[in-house]
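All ligand and atom numbering here is 1-based and tracks the order in the structure.
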Amino acid sequence: MAKTPAAVPHHIAIVMDGNGRWANRRLLPRVAGHRQGVDSLRRCIRACAQRGVRVLTVFAFSSENWNRPAEEVGALMELLATALAREVPELDRAGVRLHFVGDREGLKPKVREGLAAAEARTAANAQLVLNVCFNYGGRWDIAQAARRLAEAGTPITEQSLNGALALAHVPDPDLLIRTGGEQRISNFLLWQAAYSELFFSDRLWPDFDEAALDEALAAYAGRERRFGKTSAQVAAEPSTAAG
Ligand code: FPP
């Protein structure tokens with residue numbers, strides 16, 4: 001992978017919130033908002049790739065979303081299946097490598113097969129890694145990692161736990177965006193977001209366009225990332241930009 005300037009986040013994570021409100025405001029069923037959300041995601045993937053972002057992680061269905069009305073849960077499962085069928089060929093052509101992150105045990109066998117097939121088809125791609133968190137929760141992830149280490153008799157350290165988490169194949173997110181006006185993490189990437197820069201947008205996810213992404217990128221470029229150090233220490237460090 002080519003190196004990107006430090007001002008462009010290598011990894012962006014997004015809580016795509018606001019689909020329901022987008023639909024409500026138009027007197028449409030909530031699922032219409034989720035459908036529009038898929039369009040917004042397609043646009044966002046393309047824009048991220050164009051700007052040099054190498055990893056995009058999105059929260060599509062949380063462990064807690066099972067508590068929504070059965071009709072909406074069914075619609076989101078259906079949407080995943082149709083989005084896979086429709087979008088994967090184009091994502092593959094664009095060099096996007098897909099990973100589905102979350103508890104697959106809770107999903108129907110047909111859905112699981114679709115996820116595995118999409119991952120296999122795009123496994124050799126290297127333009128952008130797209131992690132779709134589906135039936136995912138940060139607490140679930142930490143618990144499954146700890147359980148796997150304990151079962152293997154591996155001592156639990158920060159390093160071993162880090163390597164057993166579901167996102168071990170990518171570095172931690174540099175920038176975490178939440179759309180929809182709420183300012184909380186909602187059980188997303190609890191471990192991995194330890195040092196992510198946070199950006200909250202009032203835009204509803206279906207309205208999160210390229211200009212809104214650029215606003216988040218500009219805010220990120222203006223942040224000083226200290227990772228626990230002082231400002232003076234950071235200023236004295238050699239620049240990592242493009243090198
Ligand atoms: C949160 O908005 C959004 C979700 C729970 C689903 C996100 C899904 C997509 C953007 C579509 C992509 C999905 C797949 C399956 C690839 P909300 O419903 O909580 O909105 P609200 O806060 O306005 O009610």
J.: Have a look at R25, R30, M16 and point out the one with the heavy atom closest to atom 18 (O) of ligand 1.
T.: R30
J.: Would you call E237 and K229 a salt bridge, taking side-chain N to carboxylate O under 4.0 Å as the test?
T.: yes
J.: Which residue holds the protein heavy atom closest to atom 20 (O) of ligand 1, what is that atom called, and what is the gap in Å?
T.: G20 N, 3.0 Å
J.: Report the nearest protein non-hydrogen atom to atom 14 (C) of ligand 1: residue, atom name, distance rounded to 0.1 Å.
T.: A60 CB, 4.1 Å
J.: Please determine, by modelled atom types, if N131 and H99 share a side-chain donor-acceptor pair under 3.5 angstrom.
T.: no
J.: How far is atom 5 (C) of ligand 1 from its nearest protein heavy atom, and which residue and atom name does that atom have?
T.: N65 OD1, 3.6 Å
J.: What protein heavy atom is closest to atom 9 (C) of ligand 1, reported as residue, atom name and distance in Å?
T.: N19 ND2, 3.6 Å
J.: Which protein non-hydrogen atom lies closest to atom 16 (C) of ligand 1, naming both residue and atom, and how far is it?
T.: L80 CD1, 4.3 Å
J.: Going by the closest heavy atom to atom 19 (O) of ligand 1, which one wins out of E87, E72, R68?
T.: R68
J.: Would you indicate whether the side-chain heavy atoms of W22 and L28 approach each other to under 4.5 Å?
T.: yes
J.: Any idea which protein heavy atom is nearest atom 12 (C) of ligand 1, and the distance to it?
T.: V38 CG2, 3.8 Å
J.: Any chance the side chains of E215 and S201 put a donor and an acceptor closer than 3.5 Å?
T.: no
J.: Under 3.5 Å, N or O to N or O, is R21 touching ligand 1 that way?
T.: yes
J.: Decide whether N162 and W191 meet the rule of one side-chain donor and one side-chain acceptor closer than 3.5 Å.
T.: yes
J.: Could you work out, for atom 17 (P) of ligand 1, the closest of D17, I14, L204 by heavy-atom distance?
T.: D17
J.: Between the side chains of Q144 and R148, is a donor N or O closer than 3.5 angstrom to an acceptor N or O?
T.: yes
J.: Just heavy atoms, cut-off under 4.0 Å: does W205 contact ligand 1 by side chain, backbone, both, or neither?
T.: side chain
J.: Quick test: of every protein heavy atom, which one is nearest to atom 4 (C) of ligand 1, and how far off is it to 0.1 Å?
T.: H34 CE1, 3.8 Å
J.: Taking the six-membered ring for Trp and the single ring otherwise, decide whether the centroids of F227 and Y195 are under 6.0 Å apart.
T.: yes
J.: Look only at the side chain of D174 and the backbone of H11, and say whether a donor-acceptor pair between them is shorter than 3.5 Å.
T.: yes
